[in-house]
Amino acid sequence: MGGAKPIPLPGGQIRMSTSLPVLIAGGGPVGAIAALALARQGVPVRVFEADDRIDDAPRAATTHAATLEMLEELGLVDEVIRRGLIAPKFCIWDRASGEAIAAFDFGVLEDDTHYPFVVQCEQHKLNNMTIDRLRAFAHATYDFSSRVQAIHQFDDRVELEVDTPAGPRRVAGAYAIGADGGRSTVRKALDIAFEGYTHPERFLVLTTPFEFAARYDGCLRNYFSDPDEWCALFKVAGEDGGGLWRVVFPTRTEETEAAAFDEAAVQARLQRFFPKRDSYPVVHRNLYNVHQRVAASFRKGRVFLAGDAAHVNNPLGGLGLNFGIHDALELAHLIARVMRRDAPPDTLDFYDSFRRPLNVEYVQQQTIANKKRLEEKDPAVRARGNDALRAIAADPAAHRAYLLRASLIESVRKRAAAVG
Ligand SMILES: Cc1cc2nc3c(=O)[nH]c(=O)nc-3n(C[C@H](O)[C@H](O)[C@H](O)COP(=O)(O)OP(=O)(O)OC[C@H]3O[C@@H](n4cnc5c(N)ncnc54)[C@H](O)[C@@H]3O)c2cc1C
């Protein structure tokens, strides 16, 4: 997306249309990356994060090629690779028979990207390393324990009401970004509808150090199709690099948290998936509501939505955070150009007009299709879906086309074509 380096004028100043900073509500991975991208372009930025630390619950890990290229621009990619695991392929299995349906190898993208693989790097690692980089910029601040409560817009500025450890504060900025997650206070304050639906079941994530790789061809990202209980299995490095596996199951719709987390039920679920003689060590158990929703608009006046505040989806395909990082870079690039007077303010219209349909086309459509395929109950439809996957995997051109879409490279190329 270019423009990652600060552009200082003589004397170290950046010529800006205003001296006000960009304000960011939410210092999760998307808010922190938007802040770093702005700071690197010389734009003053303030991040307000409600929590007192970065949440390390197991959420995103899969980082796709298109995103790795953006993290390279931000100087983050080497650390992401070092603290993560390189996963060159993903495999789709039939759970009941244990047979492989198809394997997809990102190596076929070697002429398309410097990174013909995904990196499994836990999102809290990316979040923390981004904040560390941000702290090097004198014109950037990142405040924990600071919850944005309300937002007020004026012709020339936006003001946030923030609850801080020192009491309530009212802070002015040139623009604001709501990167405050799926339950976004900013989105609600702007009265923007979150259109779509919530899946009736929840997703249960069980994390274990038990090593599954030998059974599944050394593949670190596995999906198991099953009409009764699909499953997904991913490896992450863990804090010490020793490796942890996250096993994802859908809950029954009526299943309570207590029932899903019950030790006997957890062991039974894992044993049904992969029977072994002794019990599983389980280091985390987490339950997530899962939605397919897109904000009716990604912008109102001087305020923008990015990441989960703008769109949420099921995690099958590992696309939500990736797309949110792309939002962050696009928005930082557009805002920096306008604030430097390199582009007129209506340049900012591109963000909503382009990224909203792009999310529907690449993230909502793919994740909905991935889930449907794994859980399909009609045997004939299942068989057709599996045959289609086998045919794609067996044909080099179709294999590459499938992965260009799955890795979001195609969506980035579409954007490049749109801006000329
Ligand atoms: C099980 C699971 C697996 C996933 N796997 C993947 C994957 O492999 N790849 C992928 O791309 N995506 C994945 N995702 C999705 C990914 O986790 C999210 O898309 C990502 O967290 C979005 O980042 P964010 O910064 O937009 O929002 P969040 O991570 O939700 O961060 C929002 C931040 O805003 C803060 N906040 C909230 N309200 C306020 C307020 N009023 N004021 C100030 N701060 C506030 C919160 O404390 C939080 O720190 C997965 C999700 C789940 C649940």
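Sequential numbering from 1 along the given sequence is applied to the chain's residues. Just follow the structure's listing: the first ligand is 1, and inside any ligand the first atom is 1. Quick caveat, the model's predicted, so the values are computed rather than measured.
No salt bridge links Arg187 with Asp180; every basic N to acidic carboxylate O contact stays at or beyond 4.0 Å. With respect to the salt-bridge test (charged N to carboxylate O, under 4.0 angstrom), the residues Arg413 and Asp112 qualify. By the 4.0 Å N-to-carboxylate-O rule, Arg400 lies too far from Asp111 to be salt-bridged with it.
Using modelled atom types, one side-chain atom of Gln153 and one backbone atom of Arg302 make a donor-acceptor pair closer than 3.5 Å.
Sorted by chain then number, the residues whose non-hydrogen atoms approach ligand 1 to under 4.0 Å are Gly26, Gly28, Pro29, Val30, Phe48, Glu49, Ala50, Asp51, Pro58, Arg59, Ala60, Ala61, Thr62, Gln123, Ser146, Arg147, Val148, Ala179, Asp180, Gly181, Thr185, Val205, Tyr288, Gly307, Asp308, Pro315, Gly318, Leu319, Gly320, Leu321, Asn322.
Taking the six-membered ring where the residue is Trp, Phe212 and Tyr280 present parallel rings, their angle staying beneath 30° rather than reaching 60°.
Annotation: Glu263, atom CD; neighbour count of heavy atoms from other residues, nucleotides and ligands within 6.0 Å is above 12.
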